[in-house]
Q: 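Sharing a structure with you now.
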Amino acid sequence: QVHLVESGGRSVQAGGSLRLSCAASGYSLVSSCVGWFRQAPGKKREGVAGMRIDGTTMYADSVKGRFTILRDNAENTLYLKMNDLIPEDTAMYYCAAEPGGGCPPVQFWQVIDFRTWGQGTQVTVSS
């Protein structure tokens, strides 16, 4: 059975940093398009960071230069390192995975493109 379990979300002051984790079981992240979405209250879920099978990373413009997506192949875990957090980063963050090679730029990601999701972890950034 496939599971993705996120952790690491919490409340933090603007300018602070967080590292989110997404542990996968029953599923190899190495052979998948993987990444992070976020959803703020009243807004649609949007892709923010992704990684292709070959390790290529991609980011939404809103987080470029502040967020880094990392994959630990030995631990089968995906990370999202977030620096210089701003209140607009406040959202529920979800990791997602979809097997296979197709992995378009994160700006074009849609929820229906990914069949495997974690339960989400809340990030709240206060000013």
Side-chain angles (χ1 to χ4, degrees):
Q1 198 166 3
V2 177
H3 287 289
L4 297 177
V5 179
E6 301 99 332
S7 61
R10 62 178 177 88
S11 296
V12 65
Q13 296 275 3
S17 299
L18 284 176
R19 189 183 75 163
L20 306 183
S21 300
C22 173
S25 58
Y27 194 86
S28 172
L29 296 180
V30 173
S31 60
S32 306
C33 171
V34 294
W36 294 89
F37 283 75
R38 69 184 180 186
Q39 188 167 19
K43 295 190 176 181
K44 71 173 188 176
R45 197 171 296 189
E46 61 175 358
V48 295
M51 182 179 286
R52 297 190 171 102
I53 291 173
D54 65 0
T56 303
T57 59
M58 44 192 171
Y59 301 93
D61 289 343
S62 59
V63 306
K64 202 172 292 183
R66 300 187 298 119
F67 290 12
T68 303
I69 186 171
L70 302 162
R71 185 181 66 202
D72 186 322
N73 296 340
E75 296 294 326
N76 205 27
T77 299
L78 192 69
Y79 298 98
L80 184 66
K81 193 169 185 305
M82 305 188 291
N83 294 327
D84 300 322
L85 285 160
I86 59 178
E88 289 76 15
D89 295 321
T90 295
M92 185 71 80
Y93 283 73
Y94 301 87
C95 68
E98 180 62 25
C103 198
V106 70
Q107 289 84 352
F108 302 118
W109 283 9
Q110 298 185 56
V111 171
I112 60 172
D113 295 332
F114 292 83
R115 283 174 285 180
T116 303
W117 292 85
Q119 82 288 353
T121 187
Q122 177 68 37
V123 172
T124 303
V125 184
S126 57
S127 56

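These numbers come from a predicted model, not from an experiment. These values consider heavy atoms only, across backbone and side chains, with no hydrogens, waters or symmetry-generated copies.
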Q: Give, for atom CZ of Phe37 and atom CD of Glu46, the distance between the pair rounded to the nearest 0.5 Å.
A: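 These two atoms lie 9.5 Å from each other.
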
Q: I want to check something: taking the side chain as every heavy atom from C-beta on, are Val48 and Tyr94 in contact at a cut-off of under 4.5 Å?
A: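 Contact flag for Val48/Tyr94 side chains = no.
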
Q: Walk me through it: do Arg10 and Leu18 pass the test side chain to side chain contact (heavy atoms under 4.5 Å, CB included)?
A: CA-CA 8 Å; Arg10 62 178 177 88; Leu18 284 176; 3.4 Å; yes

Q: Trp109 and Pro104: which non-hydrogen atoms are nearest, and at how many Å?
A: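 Distance-wise, the nearest heavy atoms are NE1-O, 2.8 Å.
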
Q: Just how far is it from atom CE of Met51 to atom OG1 of Thr57, taken to the nearest 0.5 Å?
A: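 Rounded to the nearest 0.5 Å, the CE-OG1 separation comes out at 6.0 Å.
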
Q: Which distance, rounded to the nearest 0.5 Å, do you find between the CG of Leu20 and the OG of Ser7?
A: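 Spacing of CG (Leu20) from OG (Ser7) equals 8.0 Å.
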
Q: Between atom CD1 of Ile69 and atom CE of Met58, what is the distance when rounded to the nearest 0.5 Å?
A: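 Going from the CD1 atom of Ile69 to the CE atom of Met58 covers 8.0 Å.
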
Q: Should Val5 and Leu80 be regarded as members of a common hydrophobic cluster, given that ILVMFWY residues are connected when their side-chain heavy atoms come within less than 4.5 Å of each other, either directly or indirectly?
A: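 No.
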
Q: Is there a continuous path of hydrophobic side-chain contacts, each under 4.5 Å between heavy atoms, that joins Phe114 to Trp36?
A: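 The answer is no; the residues belong to distinct hydrophobic clusters.
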
Q: Do Asn83 and Ser17 come within less than 4.5 Å of each other through their side chains, counting heavy atoms only?
A: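 Side chain of Asn83 against side chain of Ser17, heavy atoms only: contact under 4.5 Å found.
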
Q: Kindly determine whether Arg38 and Ser62 satisfy side chain to side chain contact (heavy atoms under 4.5 Å, CB included), including the steps that lead there.
A: CA-CA 12 Å; Arg38 69 184 180 186; Ser62 59; 3.5 Å; yes

Q: With a 4.5 Å cut-off on side-chain heavy atoms, are Arg66 and Asp89 touching?
A: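 Yes; the side chains approach each other to less than 4.5 Å.
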
Q: Are Tyr59 and Thr68 packed together at the side-chain level, in the sense that at least one heavy-atom pair is separated by less than 4.5 angstrom?
A: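 The answer is yes; the side chains approach within 4.5 Å.
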
Q: Does the side chain of Met82 reach to within under 4.5 Å of the side chain of Val12, using non-hydrogen atoms?
A: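 When only atoms from C-beta onward are counted, Val12 and Met82 do not touch, as no gap falls below 4.5 Å.
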
Q: Testing the basics here: between Ser127 and Gln13, what is the closest heavy-atom pair and its distance to 0.1 Å?
A: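 Here Ser127 and Gln13 meet closest at O-OE1, 3.7 Å.
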
Q: Is any side-chain heavy atom of Leu29 less than 4.5 Å from a side-chain heavy atom of Leu4?
A: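 Answer yes - side chains close enough.
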
Q: How long is the straight-line distance from CE of Met92 back to OG1 of Thr121, given to the nearest 0.5 Å?
A: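 Interatomic distance, Thr121 OG1 to Met92 CE, rounded to 0.5 Å: 7.5 Å.
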
Q: Can you name the residues that form a side chain to side chain donor-acceptor pair (under 3.5 Å) with Gln39, not counting sequence neighbours?
A: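 Scan of Gln39 (side chain to side chain donor-acceptor pair (under 3.5 Å), adjacent residues dropped) gives Arg45.
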
Q: For a 4.5 angstrom cut-off between non-hydrogen side-chain atoms, does Asp113 reach Phe108?
A: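 Asp113 does not reach Phe108 side chain to side chain.
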
Q: Which heavy atom of Ala60 sits nearest a heavy atom of Gly47, and at what distance?
A: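 Of all heavy-atom pairs spanning Ala60 and Gly47, the closest is CB-O, 3.7 Å.
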
Q: Take Asp61 and Gln107, measure what side chain to side chain contact (heavy atoms under 4.5 Å, CB included) needs, and give me the verdict at the end.
A: CA-CA 8 Å; Asp61 289 343; Gln107 289 84 352; 3.9 Å; yes

Q: Calculate, to the nearest 0.5 Å, the distance between atoms CG and SG belonging to Asp72 and Cys22 respectively.
A: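 Those atoms lie 12.5 Å apart.
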
Q: Do the non-hydrogen side-chain atoms of Glu98 and Ser32 ever get within less than 4.5 Å of each other?
A: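 The answer is no; the side chains never approach within 4.5 Å.
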
Q: Is it the case that the side chain of Thr90 and the backbone of Val125 share a donor-acceptor pair, with hydrogens and angles ignored and the cut-off at 3.5 Å?
A: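 Looks like yes, one N/O pair under 3.5 Å.
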
Q: State, to 0.1 Å, how close Arg115 and Pro99 come at their nearest heavy-atom pair, and which atoms those are.
A: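 Result for this residue pair: NH2-CG, 3.9 Å.
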
